[in-house]
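Heads up: the structure comes next, in structure tokens.
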Amino acid sequence: MPPPPAVLTAAATRLRRTLLEWYDRAKRTLPWRATPGVAADPWAVLVSEIMLQQTTVATVQARFDPFLARFPTPAAMAEAALDDVLHAWQGLGYYRRARGLHACARTIVHGHAGQVPDESEALAKLPGIGPYTAAAVAAIAFGQQVVPVDGNVARVLARLIAHDRPLSATKAELWPYAAALAGGDRPGDLAQALMELGALVCTPRQPACGICPWAFACRARAEGRATALPVKVAKRSRPERRAVAMLIRDDRGRLCLRRRPEDGLLGGLIELPAVDPGELPPGDWQALPGTVRHVFTHFSLETTVVTGRPVEALGDAFFHPADRLHELALPTLTRKLLRHAGVAA
DNA sequence: TAAGCGTGGGG
DNA sequence: TCCCCAAGCTT
């Protein structure tokens with residue numbers, strides 16, 4: 001059994017101080033971080049936190065400023081069509097986040113007078129905002145005394161207390177330990193410092209314990225188990241799937257496309273019509289050489305592209321000018337397929 | 001509870 | 001090339 005949070009409570013002041021000293025020295029400059037001395041923009045913080053869900057800092061760094069410029073306030077996003085938000089979200093993945101953010105903006109405008117709620121409980125009621133994001137926004141944007149637990153923080157805490165069960169099933173148990181660290185006059189920096197520590201020092205594979213500000217208190221370090229913790233759980237296998245995508249042009253050279261269902265994989269995005277192998281509708285088809293591989297979270301897909309035309313028009317498809325693909329929200333897989341077929345996208 | 005949900009970068 | 005994984009949420 002791990003020690004009770006009381007152990008952390010006793011050391012909380014020193015842990016906070018050493019962590020914040022390290023953070024002030026080592027932190028990265030990131031576009032969503034508020035300038036010291038300037039109040040954070042809650043909407044910007046909210047957008048950054050949604051964008052960062054399961055997405056690397058490097059990816060978000062390149063996308064954050066243009067996205068926020070397009071939707072600078074909740075009102076700006078609330079007035080926009082969902083398609084515009086999906087379009088701006090292209091390539092970021094987990095597209096349900098874009099839907100949730102759009103719904104968030106409308107709820108904020110219509111139910112909160114355009115102001116992002118300042119408490120964790122209210123934030124957590126918004127679509128797409130769970131325990132982590134609610135706590136992160138409350139702390140970073142509003143200075144509330146809450147400590148969000150993301151993957152980084154969970155790993156840091158797991159090592160700190162030598163928590164030796166898989167985080168996938170026990171992450172919730174770490175929240176009281178995080179809460180035991182709360183306090184001081186920089187709650188937002190404390191939250192970001194914990195995550196930064198996990199990202200830069202207390203890393204998954206080769207933790208840099210030699211430069212860690214918490215090495216003095218780390219139980220895993222003391223026990224020589226820093227690299228072995230947290231306990232990893234066996235990964236699910238990733239099945240292999242195949243598909244055939246159809247590149248169809250009409251007499252005016254427009255491309256045949258279709259919109260995916262609102263729910264599920266790549267929900268609401270635009271793609272080339274595709275079928276399972278052997279399910280091509282009657283028509284005059286020519287297979288392009290080679291295949292396109294794309295890896296999703298829970299399966300890998302190998303796609304063959306055929307060009308030609310079906311005998312009967314595809315029911316759920318539409319035609320769109322090939323030189324105006326930039327208007328559409330296309331997932332990365334579709335861009336790969338178009339490029340493979342020599343279509344600029 | 002566990003599965004579904006994208007993508008790109010690093011070791 | 002392959003595997004890991006990244007500031008999670010929803011159902």
Side-chain angles (χ1 to χ4, degrees), chain A residues 27-28 30-33 44-64 86 89-101 103-104 123-141 146-156 166-172 175 178 188-200 202-206 227 230 232-241 260-269 271 293-301 329-336:
Chain A
K27 71 180 174 193
R28 296 168 288 183
L30 300 172
W32 50 89
R33 292 231 229 260
V45 172
L46 175 53
V47 169
S48 73
E49 290 301 338
I50 300 291
M51 214 174 259
L52 284 160
Q53 288 172 2
Q54 295 292 284
T55 304
T56 58
V57 164
T59 297
V60 175
Q61 247 184 309
R63 300 290 301 267
F64 178 75
L86 287 172
W89 201 266
Q90 281 180 96
L92 276 171
Y94 289 150
Y95 296 94
R96 190 174 52 188
R97 295 182 295 172
R99 295 168 176 280
L101 193 53
C104 260
L123 284 159
K125 291 178 180 169
L126 297 174
I129 297 190
Y132 162 75
T133 305
V137 173
I140 297 169
V146 289
V147 181
V149 178
D150 75 326
N152 288 305
V153 178
R155 182 174 58 255
V156 169
L167 294 182
S168 52
T170 65
K171 198 166 166 183
W175 279 80
D189 284 346
L190 179 66
Q192 295 181 81
L194 266 166
M195 293 187 275
E196 197 81 332
L197 185 68
L200 300 181
C202 194
T203 53
R205 299 188 204 185
Q206 300 288 335
T227 305
K232 299 172 189 73
V233 49
K235 291 280 181 184
R236 296 191 295 275
S237 67
R238 179 143 48 203
E240 202 61 51
R241 298 190 198 171
R260 294 187 58 85
E262 301 297 309
D263 294 320
L265 186 71
L266 309 174
L269 274 71
E271 67 174 3
R293 281 193 59 78
H294 191 73
V295 180
F296 294 98
T297 301
H298 55 297
F299 67 96
S300 296
L301 185 64
L330 305 178
T332 297
L333 168 61
T334 300
R335 294 187 177 281
K336 284 187 185 177

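Lettering follows sequence order; numbering is per chain, from 1.
The ring-ring contact (aromatic ring centres under 6.0 Å, His included) check on Trp175(A) picks up nothing, with sequence neighbours excluded.
The same atom, C1', is picked in dC5(B) and in dC5(C); the two are 15 Å apart, to the nearest Å. For the C1' atoms, the distance from dT1(B) to dG8(C) is 16 Å, rounded to whole Å. dG11(B) sits 15 Å from dA7(C) when the P atoms are compared, rounded to a whole Å. Nucleotides dG8(B) and dT1(C) have their C1' atoms positioned 16 Å apart, rounded to a whole Å. Of the P atoms belonging to dG6(B) and dT11(C), the separation is 14 Å, rounded to the nearest Å.
Remark: side-chain polar atoms of Arg260(A) are not paired, donor with acceptor, to backbone N or O of Glu271(A) under 3.5 angstrom. Arg99(A) places no side-chain N or O within 3.5 Å of a backbone atom of Gly128(A) that could act as its donor or acceptor partner.
We find that Lys27(A) and Glu196(A) are not joined by a salt bridge, their nearest charged nitrogen and carboxylate oxygen being 4.0 Å or further apart.
At a threshold of 4.0 angstrom between heavy atoms, the contacts of Gly91(A) are confined to the sugar-phosphate backbone, with no base atom among them. Residue-level contact check: Leu266(A) touches the backbone only, with heavy atoms under 4.0 Å from sugar-phosphate atoms and none from bases. No contact: Val153(A) has no heavy atom under 4.0 Å from any strand.
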**Request:** Go through the steps for Ile140(A) and Glu49(A) under the test side chain to side chain contact (heavy atoms under 4.5 Å, CB included), then give the verdict.
**Result:** CA-CA 10 Å; Ile140(A) 297 169; Glu49(A) 290 301 338; 3.5 Å; yes
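Checking Arg97(A) against Gln53(A) by side-chain atom types alone, no donor-acceptor pair falls below 3.5 Å.
Distance check, rounded to the nearest 0.5 Å: CZ of Arg238(A) to CZ of Phe296(A) gives 11.0 Å.
From the 5' end on, the contacts that DNA chain B makes with chain A at under 4.0 Å to a non-hydrogen atom open and close at dA3(B) to dG11(B).
Two residues, Arg236(A) and Thr332(A), neighbour DNA chain B, and the one matched to the more 5' nucleotide by heavy-atom proximity is Arg236(A).
Residue Trp32(A) forms a side-chain contact (heavy atoms from CB on, under 4.5 Å) with just one option from Val45(A), Leu52(A), Leu46(A), and that option is Leu52(A).
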**Request:** Produce a footprint string for nucleotides 4-11 of chain C: one letter per nucleotide, 5' end first; B if the base is under 4.0 Å from any protein heavy atom, S if only the sugar-phosphate is, - if neither.
**Result:** BSBBBBS-
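For Glu262(A), the CD atom counts as densely surrounded, since its 6.0 Å shell holds more than 12 non-hydrogen atoms of other residues, nucleotides or ligands.
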